[in-house]
Amino acid sequence: MDNPDENSAHEFRVGVKRLTALYYFLHEIEPTLNAKKILKPYRALFKSIGHIRDGHIAINLVQDLKEGNEEDSRILLRAAESRVRKDFRLFQKYFQSSVRGPVSIPTITSLGISERAILRYKQNVLDSLLSQITGHEERISSEAWHKKRIFLKRYHHTLDAFQFCPGHKSDEEELKQIKILEQLLGDWHDRVTTIQFLQSFQELEHQAEHVIAILEKQDRVLLGSAKIYLNKYLKWHGNR
């Protein structure tokens with residue numbers, strides 16, 4: 001296999017984010033639980049696959065852009081596809097040398113954390129995550145937006161984990177707002193990573209210049225929209 005499957009790489013990363021949300025939640029309930037140590041094998045694979053995922057995102061965005069020189073786009077796409085194949089070979093090498101046997105994590109039952117403790121601390125953990133998302137600053141840096149995006153995903157995954165639990169009722173209006181905000185921040189982050197990805201090809205600076213200019217414009221528009229929806233989400237919580 002010379003090329004990584006895009007859907008598989010994406011699904012693996014989503015799965016790790018869900019596990020991260022779960023075990024960080026459990027850590028808040030039982031502080032002696034070392035969530036980072038438990039997740040370490042998955043996080044290493046997650047990071048390795050991340051380079052491949054960045055390449056896939058860049059390829060899709062460059063293909064979607066209809067403006068500019070078509071020859072420049074073809075050159076960029078060939079360079080991106082070559083980089084993805086290289087990163088995939090590095091991932092295979094890392095996997096074969098570092099992963100010995102199946103990677104597993106302990107179950108909640110084996111950790112000895114009671115259902116009563118989980119339900120008792122659930123709202124405190126959710127409120128703590130929410131405060132990281134809705135904390136309001138006049139000017140939010142790119143780094144702060146990125147952190148909000150991470151906490152929003154963690155909050156969403158934690159809500160999803162409780163959807164089948166007795167006594168828990170998901171708020172469809174909140175989930176709708178979360179998904180809109182996640183989409184905007186996800187699209188923004190895709191532009192940020194693609195700009196960095198294209199800038200790494202120093203020898204293709206001329207070919208990438210026009211594409212990067214378009215992506216930077218889209219970046220600003222998406223962040224402006226995200227700020228509007230974050231304020232709506234903040235007001236919605238304030239009015240509950």
Side-chain angles (χ1 to χ4, degrees), residues 7-50 53 95 98-136 144-186 189 229-230 232-240:
N7 289 332
S8 296
H10 176 60
E11 288 172 6
F12 176 83
R13 283 171 59 82
V14 170
V16 171
K17 289 175 184 177
R18 287 174 176 161
L19 284 174
T20 300
L22 172 63
Y23 281 87
Y24 272 69
F25 171 84
L26 295 175
H27 171 76
E28 291 295 321
I29 295 170
E30 178 48 69
T32 61
L33 174 75
N34 193 333
K36 287 186 177 180
K37 183 177 180 180
I38 290 172
L39 294 167
K40 186 177 179 179
Y42 282 104
R43 299 296 299 177
L45 288 172
F46 179 89
K47 186 175 181 180
S48 182
I49 290 178
R53 177 64 182 159
F95 185 85
S98 303
V99 181
R100 308 196 181 281
V103 180
S104 60
I105 55 176
T107 63
I108 294 175
T109 302
S110 68
L111 291 170
I113 300 176
S114 71
E115 179 180 328
R116 181 177 295 178
I118 290 173
L119 293 175
R120 183 168 65 247
Y121 288 105
K122 178 187 78 170
Q123 196 55 51
N124 289 342
V125 178
L126 288 173
D127 288 345
S128 176
L129 286 170
L130 192 59
S131 69
Q132 300 290 338
I133 300 162
T134 58
H136 188 66
W145 274 117
H146 181 54
K147 288 180 180 178
K148 284 181 183 294
R149 175 176 170 269
I150 291 172
F151 283 118
L152 184 66
K153 283 184 174 293
R154 200 168 290 173
Y155 180 73
H156 191 176
H157 290 322
T158 305
L159 286 177
D160 284 345
F162 280 102
Q163 64 180 317
F164 300 112
C165 293
H168 178 82
K169 185 178 180 181
S170 296
D171 191 314
E172 294 303 319
E173 178 60 28
E174 180 176 24
L175 292 178
K176 181 180 177 182
Q177 293 189 52
I178 287 173
K179 288 174 183 177
I180 293 172
L181 193 51
E182 274 186 328
Q183 185 67 55
L184 288 168
L185 290 177
H189 190 253
Y229 274 92
L230 179 61
K232 285 184 177 180
Y233 185 51
L234 194 154
K235 289 178 182 177
W236 181 84
H237 263 285
N239 293 329
R240 287 184 71 181

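Computed over heavy atoms, backbone and side chain alike; hydrogens, waters and symmetry mates excluded.
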Testing the basics here: between [X] and [Y], what is the closest heavy-atom pair and its distance to 0.1 Å?
{"X": "Tyr121", "Y": "Ile29", "result": "CB-CG1, 3.8 Å"}
{"X": "Thr134", "Y": "Leu234", "result": "O-CD1, 3.2 Å"}
{"X": "Glu174", "Y": "Tyr155", "result": "OE2-OH, 2.7 Å"}
{"X": "Tyr23", "Y": "Ala35", "result": "O-CB, 3.5 Å"}

Is Ser128 reaching over with its side chain to a backbone N or O of Asn124, donor-acceptor style, under 3.5 angstrom?
no
Show, in sequence, the C-alpha distance, side-chain angles and deciding distance for Ile133 and Leu230, and conclude whether the side chain to side chain contact (heavy atoms under 4.5 Å, CB included) test is met.
CA-CA 8 Å; Ile133 300 162; Leu230 179 61; 4.2 Å; yes
To the nearest 0.5 Å, what is the distance between [atom1] ([X]) and [atom2] ([Y])?
{"X": "Tyr233", "Y": "Ile180", "atom1": "OH", "atom2": "CD1", "value": "12.0 Å"}
{"X": "Lys179", "Y": "Leu184", "atom1": "NZ", "atom2": "CG", "value": "14.5 Å"}
{"X": "Thr32", "Y": "His27", "atom1": "OG1", "atom2": "NE2", "value": "9.0 Å"}
{"X": "Arg149", "Y": "Leu152", "atom1": "CZ", "atom2": "CG", "value": "9.5 Å"}
{"X": "His10", "Y": "Arg53", "atom1": "NE2", "atom2": "CZ", "value": "5.0 Å"}
{"X": "Ile118", "Y": "Glu28", "atom1": "CD1", "atom2": "CD", "value": "13.5 Å"}

Side chain to side chain contact (heavy atoms under 4.5 Å, CB included) between Ile108 and Leu22, intermediate numbers included:
CA-CA 10 Å; Ile108 294 175; Leu22 172 63; 4.2 Å; yes
Give me the ring orientation class for Phe25 and Phe162: parallel if the planes are under 30° apart, tilted from 30 to 60°, perpendicular past 60°.
perpendicular
Given the rule in the side chain to side chain contact (heavy atoms under 4.5 Å, CB included) test, do Leu39 and Tyr24 qualify, once you have shown the distances and angles that lead to the verdict?
CA-CA 10 Å; Leu39 294 167; Tyr24 272 69; 4.1 Å; yes
Using a distance-only test with no angle check, is there a side-chain donor-acceptor pair under 3.5 angstrom linking Tyr229 and Gln183?
no
Side chains of [X] and [Y] in contact at under 4.5 Å (non-hydrogen atoms):
{"X": "Glu30", "Y": "Leu111", "result": "no"}
{"X": "Ile38", "Y": "Leu33", "result": "yes"}
{"X": "Val16", "Y": "Leu45", "result": "no"}

Using side chain to side chain contact (heavy atoms under 4.5 Å, CB included) as the criterion, point out the one residue from Lys17, Lys148, Arg18 that pairs with Lys153.
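Exactly one pass, corresponding to Lys17.
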With sequence neighbours excluded, tell me which residues meet salt bridge (charged side-chain N to carboxylate O under 4.0 Å, His left out) with Lys147.
Glu143
